[in-house]
Structure formats: structure tokens, C-alpha cells
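One structure below.
We name chains A, B, ... by the order of the sequence lines, and we start the count at 1 in each one. In what follows, every heavy atom counts, from backbone to side chain, and hydrogens, waters and symmetry copies are set aside.
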Protein chains: 2
Amino acid sequence: MELPRHGRSRLSDVAKLAGVSLGSASRALNNPSSVRPPTLEAVRKAAEQLSYVPDGNARSLVLRRSNTIGAVMPTLNNPVYADFLHFLQQGLSEAGYSLICSAHEYDQSVETLLVERLLQRGVDGLVLVGTDHDEALLSRLGLAGIPHLFTWSTDERSRGACVGFSNRRAMQKLTRHLIELGHREIAVLSGAQTHNERARARLAGIVDVMALHGLDLPPENVITCRFDIEAGRKGLREALALPRAPTAIMCTTDMLAAGALSEAIHLGLTVPADISITGFDDIAYAQMLSPPLTTIHVSAREMGLRSSEAIIRAIHGDPHEGAELGAELVVRGSTGPVRGKQQS
Amino acid sequence: MELPRHGRSRLSDVAKLAGVSLGSASRALNNPSSVRPPTLEAVRKAAEQLSYVPDGNARSLVLRRSNTIGAVMPTLNNPVYADFLHFLQQGLSEAGYSLICSAHEYDQSVETLLVERLLQRGVDGLVLVGTDHDEALLSRLGLAGIPHLFTWSTDERSRGACVGFSNRRAMQKLTRHLIELGHREIAVLSGAQTHNERARARLAGIVDVMALHGLDLPPENVITCRFDIEAGRKGLREALALPRAPTAIMCTTDMLAAGALSEAIHLGLTVPADISITGFDDIAYAQMLSPPLTTIHVSAREMGLRSSEAIIRAIHGDPHEGAELGAELVVRGSTGPVRGKQQS
DNA sequence: TTGTACGCGTTATCAC
DNA sequence: GTGATAACGCGTACAA
């Protein structure tokens, strides 16, 4: 009696112990109704006894399907992406899929490499953030016919299904709110625009509305920051040093806004009396800052769940054009009328 | 000339195009120095031309190694776990590993099921949170000889390597701080204790120090909450309704503390003059609340990176007993002396 | 150095 | 219903 060499027992061991053939054992486990009750019973008992666990790799090899989805995010620890990921995983897990996740930290060449790696692993589908990706990568995905989904954005969409929202229109709403409060001098703390259509779309939304009111946004008023709280602090100091002092600071992310807000307070300013500050995302902590942050609410939870459905349908060959989600203005305490001006 | 059926080209296609055998092609790609330069060149060109991507499943099958690590977290969106996950992924990715992550939402039976699924997938190693797990699961892991790592806690450790810290000692420090400020009536907002040795250890740390000062913690002063901000709000209201009004609220998590703090402010209390509030974790937003939160600082980043190293070493058969990390008291504005009492 | 042949663990296709 | 057997795509002894 030869023992299995790697501790793990194989289907053939189960079959042998149950006194049936390999084929019957396989069928008993995968399609119980296609086998006689006594056979089923014997196989189940043997499997239990050997604590048999099917080998997913072998199965994937022959089935051409791994029940695995890959996700490539900018980062995993930004609260909005963490939320998204959590619910994406929940949705996928319920459907029997596992999620392989990775982060490119806003480096497109890293993203391409990570996707490459996921393709090797044989993921059944791919979830990406944004619509701006390496061109070669996109055509590879198309050629290989591997189902994929773009999320967080419907801006600058060129092809493929998206589950996201219009960052541009969302930012327009927020800008309109500031304009109505009388703000004319606006500075923007933005993430880098390269390879990031969300950053571009958000900025474009601001420019749109300002232009509509005959205002322009001088280039020096757009301050490029890294995506963390500290960068927000630094950005605010830069904004205050601008030749024409801004009455409002628009941050393209709540994390940046959190940093900017705390730095403003730290410098002795009163928000919003001295200066208004806005965010984007409405992370859970936005409402707990003081003053609570005026921002754009995005439902990362819904996006995650919808994305899990969408990618699964795509895998099943179900044509699915994605979904356009909402992103609404949430007015809180960090914005107010310009000092000495009336609300228009 | 038969075309590959699934769009994807196989190694045999590469070999054919390069005019060499399967073996040579394989060697050229995996062990370039074991093949003559012209052969190498030909194979590389052919692979490039066919945009050949090795099939990870087939490779894993024969190599008995998937270059994949599984992680099962409580949730992916709690900021501390999100941070941990991010840096765990970074560390693993650098070493060529992919990370499959999932969340059990504090349900141990779900955790067991998720681990089961990961084992089927053939992960090379497993990263778990905490030391309290299903007994059957642990013995399975031991029997199967699959490398695994416990994180976030060295409390109640029974076996296996940990990368974590003593939740109990950390909470002792925090409690000592409150006692020194004169607090005697303390209420605790805690997560459920079942299947969670971190929650137990944190509570034990409080009880330890109180006992040392001849104080006891009545059962009704321990309020069990879910792990989210809203639960913190609700918990604070319960705490205020206690027969003996607490002068300090200790929350076992920053998220709970954030909720409790905001509710206290909302109810018109002044923190810390009317009541002191503490957290645990020191998430990025803890210092931005008002008042900023007194808490225990835990470096999720370091824990993530160290964990990636530890699990990889474990896979390589390198004996590695894990690491005990620090967790230090950070005193900020949310704690102060009891009204009318001197600091002892 | 190179080619051949076998094995990895599973599912699917056939005859029986 | 069941049992042999051929795939799935790759790595690697072994022989040449």
C-alpha cells in the first residue's frame, strides 16, 4: 500500500479506498445524482476518512477556469478603496470566487506588470480602477478575451464596461456650490494627472463651472500632491502662499482635505470663516472632522457589490454594459460664504 | 498548421516556432544558462512573437507551489487591517507572490470555510489574524504542513509563529494613564469576546490594572458593540446611562472611539473635561478628531512588512519564531484629569 | 547541450 | 451507472 507522498491524498486514493474507479469518484463528488446511492455513500465516506481536498490547480488546468478574480487597485489602504475591496470580496466570495488583490501605487508600469502576473495565474476576470491604462495592456486583454471591468469612473471611457460614476459631473456640483457661496479665488489640491483620468476629470469639472462664470483657474492654483494626509498639509501651506490668496481650497480626495483642514486649524485659521475646504469621496471620517467636511459622497460599498456582479456576468458571457452610479454633493461645515460677501 | 484553440499559445507552440524541443524551450525560459545562446535567442524570439504567457496552473501542478499566499482578515475596510493588508501585499509582491485575501466579518465558521477554500486553491502559505481559531482547522493546518502565521496578537498564543504584540500589556499602559489621571469609574466599549483573543486581552489589560489599584470593573460597565462607528455612538449612550456614571470610556478600537467621541460632542459634553475617551490602534484619523484621540499606537505597516517576510521564510523552511512588535501609548487631547481631582 | 517520455491530479469521453 | 483512458500544459529525469 503506497502512501501519498505529500501528505495530501488524491482522488485516486479516495477511489481506491471506496473500491470504485477514478471516474466514479469524481462524479460522486461533483455530480452526486449521476451515481448510485451506495457508490455515493462509499466515496463520501472514503473522502471524509482521508480528509480529501480536491486540488484546485489540477481542476483549473482541465476546466480552464480558476474561480479566481484579480483586482489591481491604486492602494489598498485608502479608505475608499478599502471599502470597495471589502465589498467586492464579499460579493465574489458568495459566488465562490476568490480575490487576488494588488496595488500599483499610481505607477502605470507597475500596474501593467501586476496584470501580467494575474494573467499568468489564470484569473477568470480582472477588475481595474479607472479607465486610463497602458494601451498595450488593454489590447492584450481584448485579444486574450479575458473579461475585465473598469471601476470608479466613467470619464474618458474608450471601451469596455464600467461600474463607476462621472467624476467630472460630481466635481461640477461641488464647484457650483462654492461659486454660489461667492467664492472666486479657488486653489486645488490634486493628485498627479498623468495616467489618472479621475484626477483629470475632477479638475475638468472645476474648470467647467468656473469658465461658465467667466472665471479662470491659473495653473499655479493647481497644486499637485501625493495621495496622503501629510501631502494635504503641505499643499495647504503652498496654497496660502499663492499670489492671490484663495478663499476656498478644493481637494480631489478626502485624505488630502483632512490634511489641509488640520493644517489650516493648526495655522490658526477658522474654517470656513477664513477659508472653505472641500473633499471628495465622503469617507467615514469626513463627517467627524471639525468642522465636518463638505464633500462628494461616493458609495464604495455599492460599487464593490455591483462590480462583483458585473464581472461575474461578464465571465458567464452575459453582455453587461456596467452601471453608472450616483455621486452626490454633501454640504457640511467646512464650506461657507466668503467673508463680507452675500450668498449669491 | 493547427492553431492553439484558446487564443493562448502554449509552450509547445513556442518550441515548434523556435525549431527546438519542448524541453529546450522550457529550459531556455526558466534556466537560460543551461542552454546555448542561439537556442536561447530563438526561443525568446518565438515566445515574444507568440506573446507566450506560461500557464501558472500547469506550472503549479508540477512544481507543487503556486507562489500564492492566502490571507483571512476580519474585515478589509477597517483602516488598520487595510493598512496591514496593503503592506503585506507590497512585501509579498516584491518577492513574486500574489495575495488572495478574504474577510470573515468576525464569524469563525466563515473563517474556517475561507481557509478551506484557500487550501483548495493551493496557497503556499496562510496569514491569519489573531490566535483564536477553530481547533479542527489548526490541526488540519499542522497535519497538512502548510506554513501559516498568526498576526496582530501574541496573546493567548498556543502554538505557531506570531507577528504581533501584546494587546494585554498595551491596554495596561492605557489604563494606567487613566488611573493616574484620577479615573476610577470606567466603562468599556468592546467588540465581542467570543473567538477573539484580542478583545479578551484588551479587556484583561484593563482589569489587571484596575485590580492593582483595588478597583473592579462591574460586568455592566463592559458594553459589547459591533465594530463600526455607529456602534460607538450607541455604546456611548449606553455607557452614560449606567447607574454609576463613568468618568472615562475606554474603547477597544479607534473606530468605536470615533463614534463615541462624536456622540459625546453631539450630546453637548466637553471632552475631556466632562468625560475622557480612549481608543486603540492609532489610525491615521485619530489625531484629526477633536479633541485628538488618546490611544495605543500600532504600526500596521511594520506588521504587514514583517509578516510578509515571516511567511516567506516559513515557506522556505526557515525556522522563524515571528516577532513581538511594540504598541505604545499616545497621549492626546481626549483624556484629562477627572473634574475636581488632582492628578495623582 | 538537446530531445523524449513521464508525471502532476483532475475531468470528460467514450465504450461497456 | 460504471470503468478505462485521453487530455490539460508544464517541468525534468534520463538517455542520446
Side-chain angles (χ1 to χ4, degrees), chain A residues 2-44 46-47 50-68 119-124 144, chain B residues 2-43 46-47 50-67 119-124 144:
Chain A
E2 46 173 349
L3 285 177
R5 301 162 278 317
H6 333 292
R8 207 160 148 167
S9 51
R10 302 155 305 202
L11 184 58
S12 63
D13 299 320
V14 175
K16 202 174 298 175
L17 182 60
V20 300
S21 76
L22 214 64
S24 295
S26 175
R27 275 182 303 247
L29 264 31
N30 296 317
N31 190 3
S33 66
S34 76
V35 99
R36 278 189 319 145
T39 311
L40 178 59
E41 178 68 12
V43 172
R44 282 206 169 139
L50 296 174
S51 65
Y52 166 73
V53 178
D55 183 315
N57 278 315
R59 180 178 252 163
S60 298
L61 183 58
V62 56
L63 289 184
R64 303 193 148 56
R65 167 167 62 80
S66 63
N67 284 316
T68 283
L119 290 184
Q120 280 204 23
R121 299 251 180 275
V123 295
D124 295 337
Chain B
E2 45 173 350
L3 285 176
R5 299 160 284 314
H6 336 291
R8 205 161 151 166
S9 51
R10 300 153 305 192
L11 184 57
S12 63
D13 299 320
V14 175
K16 201 173 299 176
L17 181 59
V20 301
S21 76
L22 216 65
S24 294
S26 174
R27 275 181 302 245
L29 264 30
N30 297 317
N31 189 6
S33 65
S34 75
V35 99
R36 278 191 318 146
T39 310
L40 178 58
E41 179 68 14
V43 172
L50 296 173
S51 65
Y52 167 71
V53 178
D55 183 315
N57 279 314
R59 178 180 249 160
S60 299
L61 185 58
V62 57
L63 290 183
R64 304 193 144 55
R65 169 168 60 79
S66 63
N67 284 316
L119 291 184
Q120 281 204 22
R121 299 250 180 273
V123 296
D124 295 338

Report task. Take D55(A) and L61(B) through the side chain to side chain contact (heavy atoms under 4.5 Å, CB included) test and state the conclusion after the steps. Result -> CA-CA 9 Å; D55(A) 183 315; L61(B) 185 58; 4.3 Å; yes
Query raised in the report: Where is the tightest heavy-atom contact between L29(A) and Y52(A), given as atom of each residue plus distance?
Result: CD2-CE2, 3.7 Å
Query - With A18(B) via side-chain contact (heavy atoms from CB on, under 4.5 Å) - residues at least two apart - result: V20(B), A42(B), V43(B), A46(B)
Query - Difference in axis direction between the ends of the helix from dT1(C)-dA16(D) to dC16(C)-dG1(D), five pairs, 10° - result: 40°
Query raised in the report: Expressed in angstrom and rounded to an integer, what is the separation of R8(B) atom CZ from dC10(D) atom C1'?
Result: 12 Å
Query - Pairwise 5' ranking along DNA chain C for V35(B) and L61(B), keeping only the more 5' one - result: V35(B)
Requested in this report: Rounded to the nearest angstrom, tell me the gap between atom CG in L29(B) and atom C1' in dG9(D).
Outcome: 13 Å
**Report entry** R44(A) and P32(A), any side-chain heavy atoms less than 4.5 Å apart
**Finding:** yes
Query raised in the report: Looking at side-chain heavy atoms only, is the closest gap between V53(A) and R8(A) below 4.5 Å?
Result: yes
Pairwise N/O distances under 3.5 Å, protein to nucleotides 10-13 of chain C:
{"residue": "dT10(C)", "atom": "OP1", "partner": "Y52(A)", "partner atom": "OH", "Å": "2.4"}
{"residue": "dT10(C)", "atom": "OP1", "partner": "D55(A)", "partner atom": "N", "Å": "3.2"}
{"residue": "dT10(C)", "atom": "OP2", "partner": "L11(A)", "partner atom": "N", "Å": "2.4"}
{"residue": "dT11(C)", "atom": "OP1", "partner": "N30(A)", "partner atom": "ND2", "Å": "2.9"}
{"residue": "dT11(C)", "atom": "OP1", "partner": "R59(A)", "partner atom": "NE", "Å": "3.1"}
{"residue": "dT11(C)", "atom": "OP1", "partner": "R59(A)", "partner atom": "NH2", "Å": "3.0"}
{"residue": "dT11(C)", "atom": "OP2", "partner": "S26(A)", "partner atom": "OG", "Å": "2.9"}
{"residue": "dT11(C)", "atom": "OP2", "partner": "N30(A)", "partner atom": "ND2", "Å": "3.4"}

Query - R27(A): partners by side-chain contact (heavy atoms from CB on, under 4.5 Å), with sequence neighbours left out - result: S24(A), S34(A)
Requested in this report: Compare the minimum distances between each of dT1(C), dT2(D), dG3(C) and the side chain of T39(A), then state the nucleotide with the smallest one.
Outcome: dT2(D)
Query raised in the report: Are S24(B) and dG3(C) close enough that a side-chain N or O sits under 4.0 Å from OP1 or OP2?
Result: yes
Report summary line: Tightest non-hydrogen contact, residues S66(A) and D124(A), listed as N-OD1, 2.9 Å
Report summary line: Atom NZ of K16(A) and atom C1' of dA4(D) are separated, to the nearest Å, by 15 Å
Report summary line: Contacts of R59(A) meeting side-chain contact (heavy atoms from CB on, under 4.5 Å) (sequence neighbours excluded), chain-then-number -> N30(A), P54(A), L63(A), Q120(B)
Query raised in the report: Given dG9(D), is OP1 or OP2 found less than 4.0 Å from the side-chain N or O atoms of R64(A)?
Result: yes
**Report entry** Separation of atom CZ in R121(B) from atom P in dG9(C), rounded to whole Å
**Finding:** 18 Å
Requested in this report: List in chain and number order the residues that pass side-chain contact (heavy atoms from CB on, under 4.5 Å) with V35(B), two or more places apart in sequence or in another chain; answer none if no residue qualifies.
Outcome: A28(B), T39(B), L40(B)
